[in-house]
Amino acid sequence: MAHAKSFVASLLLLAAAGPAFGAARIFIVTDMEGVGGVNNADEQLLPGQRRYDESRRLLAGELNAAVEGALAAGATEVVVWDGHDGSRSLSVDDIHPRAKLIQGKPTPANYYLSDRGFDGIFFIGQHAMAGAKGGVLAHSQSFSVERITINGTAVGEIGQVAAIAGYFHIPVIMLSGDQAACDEIRELQPKAETVAVKRLAGKGSSLSISHAEAKSLIRAAAERAGRDRPLR
Ligand SMILES: [Zn+2]
């Protein structure tokens with residue numbers, strides 16, 4: 001995803017929320033490393049790997065649960081940005097019939113985001129930043145990056161997207177991913193709804209809830225995020 005250097009000041013806008021008026025347009029950022037049951041970078045993350053198709057199916061299940069929740073909360077538009085592996089992981093055949101899909105690269109934020117162009121951002125399948133304590137498959141853009149900062153504050157992909165969204169006055173209102181990713185968004189946006197679908201158990205191992213339970217919790221959190229959160 002794009003670097004956020006020019007959006008530094010916007011971190012300060014993250015908490016700038018106003019009166020609730022109901023969700024209308026939701027932008028969903030997806031990734032794969034934070035999907036429940038995804039644990040192994042050698043088997044589950046890239047095309048051609050043994051369990052890649054399973055990962056795609058699990059991601060689509062979590063994603064569409066979030067879309068259902070958003071629609072139940074009254075969303076009129078849901079746009080999905082495929083954020084994993086060069087934006088080539090999802091198919092239009094995977095996504096909810098009422099959602100739209102952004103794929104391919106480059107996909108700079110200003111192609112799709114504009115000032116108040118959406119009412120809220122969801123993250124689905126999100127992982128924590130490089131070096132995050134307790135993170136499952138934690139990294140920032142690539143597994144070779146040690147640390148990225150914005151004005152001295154360490155950020156991962158969550159903080160970068162949140163900063164860009166904040167620049168456009170769009171709050172992050174919901175995240176599903178591993179426990180460390182949930183903790184990371186709540187540091188930036190304490191009001192965000194979060195669903196922890198797994199947590200690190202030991203080096204290289206994780207404890208996940210079932211896919212059925214993940215979908216149920218994500219749908220409910222997405223609906224709450226759409227209904228209850230102050231959106232601007
Ligand atoms: Zn990824």
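Just so you know, ligand 1 is whichever comes first in the structure, and atom 1 is the first atom listed for that ligand.
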Within 6.0 Å of CZ in Arg147, more than 12 heavy atoms from elsewhere: no

Over 12 foreign heavy atoms within 6.0 Å of CG, Asp93: no

Cluster overlap Leu207 with Ile209, hydrophobic side-chain contacts below 4.5 Å: no

Listed protein N/O/S atoms, distance to the Zn ion (ligand 1) under 2.8 Å: Asp31 OD1, Glu33 OE1, Glu33 OE2, His84 ND1

Short side-chain donor-acceptor distance under 3.5 Å, Glu33 and Gln126: no

Met129 with Ile158, same ILVMFWY side-chain cluster at under 4.5 Å: no

Gln189 (side chain) donor-acceptor with Ile173 (main chain) under 3.5 angstrom: no

